[in-house]
Novice: 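The structure that follows is given in the form of structure tokens.
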Amino acid sequence: MMLIASDHGALELKESIAAFLTERGIDFKDCGAYDAASVDYPDYAEKVAGPVSRGEAERGILLCGTGIGISIAANKFPGVRAALATDAFMAEMAKVHNNANILVLGGRTTSPEKGREIVAAWLDASFEGGRHQGRLDKITAIEQRFCR
Ligand code: RB5
């Protein structure tokens, strides 16, 4: 299952990405926000990063105005690898090298068309493993030392 959420800074882009996921036949749940009222991005990071961290959801997409705040918040959750991408190459590499389980986009930096390209690149890529797995293992080791 995929989860998607955004704050008020990326509602329009979230709607466009949600429509794209539906077109692609991807099963997902929209965790809000559902209107333009000002909200706090850490609350929306938690709606996706919490379940991904606990193994209750496989992957997610998060959005805020720039994608920066919600990335910072999501990456506090153990096991979450949230990657902000502003183009398709970054999104592809986020999966191929970093096995990002959450893709992050910025509603004020990314057009709906570009957003779809970014999401498609992440969905269509595969983690390469090998030396990259060793690096992810080091990130996990850091979490184990500091996040108790
Ligand atoms: C909200 O105005 C804005 O700060 C937020 O969407 C995001 O850009 C934070 O990083």
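Each ligand, and each atom within it, is numbered from 1 in the order the structure gives.
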Novice: Hey, is OH on Y34 packed in by over 12 heavy atoms from elsewhere, all under 6.0 Å?
Specialist: yes
Novice: How many angstroms lie between CG in L3 and CG in L62, if you round to the nearest 0.5 Å?
Specialist: 9.0 Å
Novice: For a quick test of reading the model, state the closest non-hydrogen atom pair linking A33 to L11 and the distance between them.
Specialist: O-CD2, 3.1 Å
Novice: Give every pair formed by an N or O atom of ligand 1 and a protein N or O atom closer than 3.5 Å, one pair per line with both atom names and the distance to 0.1 Å, or write none.
Specialist:
unit_1	atom_1	unit_2	atom_2	d
ligand 1	2 (O)	R108	NH1	3.4
ligand 1	6 (O)	D7	OD1	3.4
ligand 1	6 (O)	D7	OD2	2.6
ligand 1	6 (O)	G65	N	2.7
ligand 1	8 (O)	G65	N	3.3
ligand 1	8 (O)	T66	N	3.0
ligand 1	8 (O)	T66	OG1	3.3
ligand 1	10 (O)	T66	OG1	3.4
ligand 1	10 (O)	G69	N	2.9

Novice: List for me each residue that meets salt bridge (charged side-chain N to carboxylate O under 4.0 Å, His left out) alongside K14, sequence neighbours excluded, and say none if there are none.
Specialist: D30
Novice: Applying side chain to side chain donor-acceptor pair (under 3.5 Å), name anything that partners S16, two or more places apart in sequence or on another chain.
Specialist: R116
Novice: Can you name the side chain to side chain donor-acceptor pair (under 3.5 Å) partners of D124, sequence neighbours left out?
Specialist: R24
